[in-house]
Protein chains: 2
Amino acid sequence: MSTALLTDHYELTMAQAALHAGTASRRSVFELFGRRLPEGRRYGVVTGTGRFLDALADFTFGPAEIDFLAAQNVVDDTTLDYLRDYRFSGSIFGYAEGDVYFPGSPLLIVEGTFIEAVILETLALSIYNHDCAVAGAASRMTLAAGGRPCIEMGSRRTHEWAAAAAARAAYIAGFATTSNLEAARRYGIPSAGTSAHSFTLLHDSEDAAFEAQVSSLGKGTTLLVDTYDVAEAVERAVRIAGIGLGAVRLDSGDLVAQAHEVRAQLDALGATSTRIVVTSDLDEYAIAALAAAPVDTYGVGTSLVTGSGAPTAGLVYKLVARADDSGALVNVAKASKNKASVGGRKCARRRIDANGRATAELIGVGEAPGSDQDLDLLVELVRDGEIVGAESVEVARERHRSRLAQLPGKSQRLSKGEPVIPTLFVDEHPDPTLVIGDPR
Amino acid sequence: MSTALLTDHYELTMAQAALHAGTASRRSVFELFGRRLPEGRRYGVVTGTGRFLDALADFTFGPAEIDFLAAQNVVDDTTLDYLRDYRFSGSIFGYAEGDVYFPGSPLLIVEGTFIEAVILETLALSIYNHDCAVAGAASRMTLAAGGRPCIEMGSRRTHEWAAAAAARAAYIAGFATTSNLEAARRYGIPSAGTSAHSFTLLHDSEDAAFEAQVSSLGKGTTLLVDTYDVAEAVERAVRIAGIGLGAVRLDSGDLVAQAHEVRAQLDALGATSTRIVVTSDLDEYAIAALAAAPVDTYGVGTSLVTGSGAPTAGLVYKLVARADDSGALVNVAKASKNKASVGGRKCARRRIDANGRATAELIGVGEAPGSDQDLDLLVELVRDGEIVGAESVEVARERHRSRLAQLPGKSQRLSKGEPVIPTLFVDEHPDPTLVIGDPR
C-alpha cells in the first residue's frame, strides 16, 4: 500500500512552487531533531527507524494517488508528472534505532534535492514522533520494573494501527511481550494473553470459567482472580489448576496490599511457583511503587501507548542547508522566536569516559566533533535511494539495552530532571568546550 | 486488508477455551461505554462509528492470518477452523456518529454469540478510544473559535494512520479542513496547505520565495511571514502579491500582539481583505485567548491529535448479558473495586425540555427509559451481520452541530466541570427519578 498520501497538503504545493521557480532540484539537507525532550525526561529513545525505512520503500505515487491529486486539483500537471516518477534517490543518515537521544541530536539527516526530501517530512515526523513517544515511556517503565518483565497491552487505548507500532517501540525499549497480534505477525514480537472478565462472566460460575480455561489452555495459564472476590478466586484457582498454576492476574484494587495477600495465600496453598501479574492502570510510578511487593509481571496499557504524559515526542524536520545558484551548499536557519534552529549539516558523536560512561552529546556542524575516541552516532540508512540500514527489532532492542547502560546513573531516576548529559554544539573544531549554540 | 489481527491475543485464547467448554455459542450482549468522561470534560463526542463499520467489513481471517496463528500456536486447530469461516453474524446498535455522550452512555451494543462478539473488543475500542479522544478536543476548539474556521494540521505529531483518523474525527467535530491528504482521499474531507519555512529558506531571499509561491499558487495563497522579520515580510508579501493576497500566516511569537500589529499593517497597506492565519501550538485555551484578536483562521496540530490532555477516551467493552444453559438471557457484571459495571442490555434516550434543551441522559436496562417524547439515541448499525448504518462524515458533522446545540449553555465552558447533564439509570420504569446506579 502506498504511503505517499500520509503527507501534508503543503508538501506538494511547495513542490509545485519550487518546480515552477526552478529551485526544486537544489541540493538540500533536512534534519529531524527535537529542540527539547518531553518535560522532565532525562533521555529520549530513538525508535521508528525501521518503520520509516519500510514506509519509504512504499512512498510512491501510483495511479490511485495521482488520480486523487488530479481530481482535487491539489497540484498542477507538471507536479503530477514529477510525482508519478517519484522515488527518493538521495541519502539518509541517522541515529541507529534503539539508541538514546538528547536535545539537538540529529535523529535523521536527509540529503537530496529539495523536492524529493521535503515531501518526506510528514511521514518521517509521524513515525518518529509516535514511536519515540511510546519508547521514551516504555524505557522508563522497564527501568522501574527492574528485572521483572513488562507486558505491552495498550492496543485498545490507541488507534488500531498505532497499536502495532506502539508494541514494536515498547519491545525495543525493553518490554518482554505484547498483546497485539498484528505486531507479533509484522515484527516478530512475542505475543501473549489468556482471558478477560467477560470469560468469567460468560460462565455460570467462576468454577466453571476456571475449569474451562485450565482445561483448554493448560494449568500454566494465567487466571484472572478479581471478577468477584479475590481470596475466593485464588483458592478456587489453585484447587482447579493445582499448585502448578502458571499465574494469577490482579486488575483492580490496592495492588500493593493485594499482591502481599495473594502471595501469602498462594504460598500457604503450596503454589509457591505461581506468579502474580498486575495490570490495573500502571505507569512507571505505579510500577516503582510495587518494587517491594511480591509481583512477578507488569501489564501496562494506557500510559504506555499515550507516552505517559508525553503522547508525542515533539520532533521537527527542518531544512538546514541547501545549494545556491552555483551549487555550493549554504547553511540556513529560520529566526522565528523560540523556534530558532542551528543551520548546517550535522555530525554527531557521544563522548564516553574511561569508565565507559557517556558524558556529552557532541554535535558538529560540517565536520565531525570530538575525536575518534568518541562514539560515532550516525549510521548510513539510505544510499542513493537504496535502503542499506534495515535491521531487526532484536538488534535495536539490544542496542537500547547497551546504550542505556552507558548513561550516567541518574538516567534511572523517574523524577523530572534535565537531560543526563549536555548537548554541545561544536563548530568545525575538535574542542567541545567551544559551544556555539544550545537548542533548548 | 484484513483487520482481524488488530486484536489482543487473549480474545482468541478466550475463543478457544469457550469453544472447548461449549459456551462459545451462548447468546451474549457486549456494551462499549465510558465509566467517566476525561477529567473535567462536560460532554463526549461519538466518533469512530463509520470507521468501525468499515473495519468490521474487513474483519476476516484469510490464509495469511490463519497461517500466522497456526505457526505461532496462538490457538488450536478447532479454533482456527472457526476463525477461517468467521463473519460477524449478529446485530449492533449504537449512538449515531457525531452525537454527544456521557458517563454510562452505551455507545455500542453488540449482540451475537459470545465468540463472535468478544473478538471484536480490541478493534472496536481502538477505533472509538482514539477517535472520541480527538473529537472531544476538536469540539471544544471549534466552540472556542466561535465562527472562525479551524484547520486540522497535526498529522506530523501522531502515528501516520492515526493522523488520517484524527482528521476525520476533527472534521465531524467542526473543523473546516485538514492538511492530511489521505484523510481527504479516504473520507472526502477538504484539504488545504501552502508552504513551510523550508520553502522560504530554500530561496536566496524572502523576496524570491514569495515571488515563487505567488507565481505558482496565485495571489490567493497564504504566505508564511515569520521566517525572519514579520513586519518586513508583511510589507514584502503585499508588495509581491498585491492587496488581493489571500492570507498571511504567523507560526511563532506572541500571537495576540502580532495579530493586532499585522492587521494594522495589512490595513494600512490596503490589504484589508487579506486574512491572518495563526498556527503556533494552539489548543482550546489559546484559541479562546485570541477571541478578541483580529485572527481569521486557527491551525491546530499537536493538542488536537493528542486529545488536548486526554489522548484516549477511556472507553471499555464489557459483557453485560449472556444466555444460560436454557437459552435465557442473564444480566452479568463484575464486582471489581472501582471498576464495577451495570449489567443488562441497555436502552438510551435523552430527555429534551420544552425549550429544546437536553436535561438528562436516560439509560434503561431491558426496556426503553423515559417516554416517546424523549430523543431515542440508539440506531441500528448492523443487522444479522449486514452493515445497515453506514453514513457520510457530512451527516455525522451536521448531527454533531445540532446535538451540541441542544446541550445546556454551560457545555460551551472551557473550564473543567461535571458532565452538563446527568446520566440516570432507569430500571424498566418510565420514571427517571428511580436511579439504580451511577457509572462514575
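Residue numbers start from 1 in every chain, and the chains themselves are labelled A, B, ... in the order their sequence lines are given, proteins ahead of strands.
Proximity to chain B (any heavy atom under 4.5 Å) is shown, for A/Thr3, by neither the backbone nor the side chain. Looking at B/Tyr317, there are no atoms closer than 4.5 Å to chain A (heavy atoms on both sides), in backbone or side chain. Neither the backbone nor the side chain of B/Met153 comes within contact range of chain A; no heavy atom of the residue lies under 4.5 Å from a heavy atom of that chain. Interface remark: A/Leu315 contributes backbone atoms only to the contact with chain B (heavy atom separation under 4.5 Å). With a threshold of 4.5 angstrom between heavy atoms, A/Arg322 approaches chain B through side-chain atoms but not through N, CA, C or O. Heavy atoms closer than 4.5 Å to chain A are found in the side chain of B/Val316, but not in its backbone. The contact between A/Phe199 and chain B is made by backbone and side chain atoms together, counting heavy-atom distances below 4.5 Å. When heavy atoms are compared at a cutoff of 4.5 Å, A/Leu202 approaches chain B by way of both its backbone and its side chain. No part of A/Asp229 comes within reach of chain B, as not one of its non-hydrogen atoms sits under 4.5 angstrom from that chain. Only the side chain of A/Glu11 comes within contact range of chain B, judged by heavy atoms closer than 4.5 Å. Residue B/Val214 does not touch chain A at all, counting heavy-atom pairs closer than 4.5 Å. For chain A, no part of B/Ala124 is nearby; none of its heavy atoms comes within less than 4.5 Å. Contacts of B/Ser191 with chain A are made by both backbone and side-chain atoms, with heavy-atom separations under 4.5 Å. A/Val320 does not touch chain B: none of its heavy atoms, backbone or side chain, sits under 4.5 Å away.
Checking A/Ser179 against B/His9 by side-chain atom types alone, no donor-acceptor pair falls below 3.5 Å. Using modelled atom types and a 3.5 Å distance limit, the side chains of A/Ser126 and B/His159 yield no donor-acceptor pair.
Atoms CG and NZ, on A/Leu201 and B/Lys334 in that order, are 8.5 Å from each other to the nearest 0.5 Å. The distance from the CG atom of A/Asp76 to the OG atom of B/Ser216 is 5.5 Å, given to the nearest 0.5 Å. Here the OH-CD distance, from A/Tyr128 to B/Glu160, works out to 12.0 Å after rounding to the nearest 0.5 Å. We find the NE2-NZ distance between B/His197 and A/Lys318 to be 6.5 Å, quoted to the nearest 0.5 Å. One finds the OH atom of A/Tyr10 at 8.5 Å from the CG atom of B/Leu224 (value rounded to the nearest 0.5 Å). With rounding to the nearest 0.5 angstrom, the CD atom of B/Glu211 is 11.0 Å from the NE2 atom of A/His20.
Of the residues considered (A/Leu181, A/Thr13, A/Leu319), A/Leu181 shows the highest number of contacts with chain B, using heavy-atom pairs under 4.5 Å. Ranked by non-hydrogen atom pairs under 4.5 Å with chain B, the options A/Ala165, A/Ala164, A/Ala21, A/Ser215 are led by A/Ser215. Of the listed residues (A/Ala162, A/Pro311, A/Ala212, A/Ala208), the one with the most heavy-atom contacts under 4.5 Å to chain B is A/Ala162. Top candidate by heavy-atom pairs under 4.5 Å with chain B, chosen from A/Thr158, A/Val330, A/Asn180, is A/Thr158. Comparing A/Thr227, A/Val332, A/Thr194 by how many heavy-atom pairs each has under 4.5 Å with chain B, the most go to A/Thr194. Among A/Ala163, A/Ser28, A/Ala183, A/Ala192, the residue with the largest count of heavy-atom pairs under 4.5 Å with chain B is A/Ala192.
A/Arg156 places a side-chain heavy atom less than 4.5 Å from the side chain of B/Asp8. In this structure the side chain of A/Arg185 reaches within 4.5 angstrom of the side chain of B/Glu65, judged on heavy atoms. Within the 4.5 Å cutoff, the side chain of B/Asp204 has heavy atoms near those of the A/Asp325 side chain. For the pair A/Phe114 and B/Ser198, the minimum side-chain heavy-atom distance is below 4.5 Å.
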Would you check, one step at a time, whether the test side chain to side chain contact (heavy atoms under 4.5 Å, CB included) holds for B/Arg157 with A/Leu125? CA-CA 7 Å; B/Arg157 296 303 175 92; A/Leu125 284 175; 5.9 Å; no

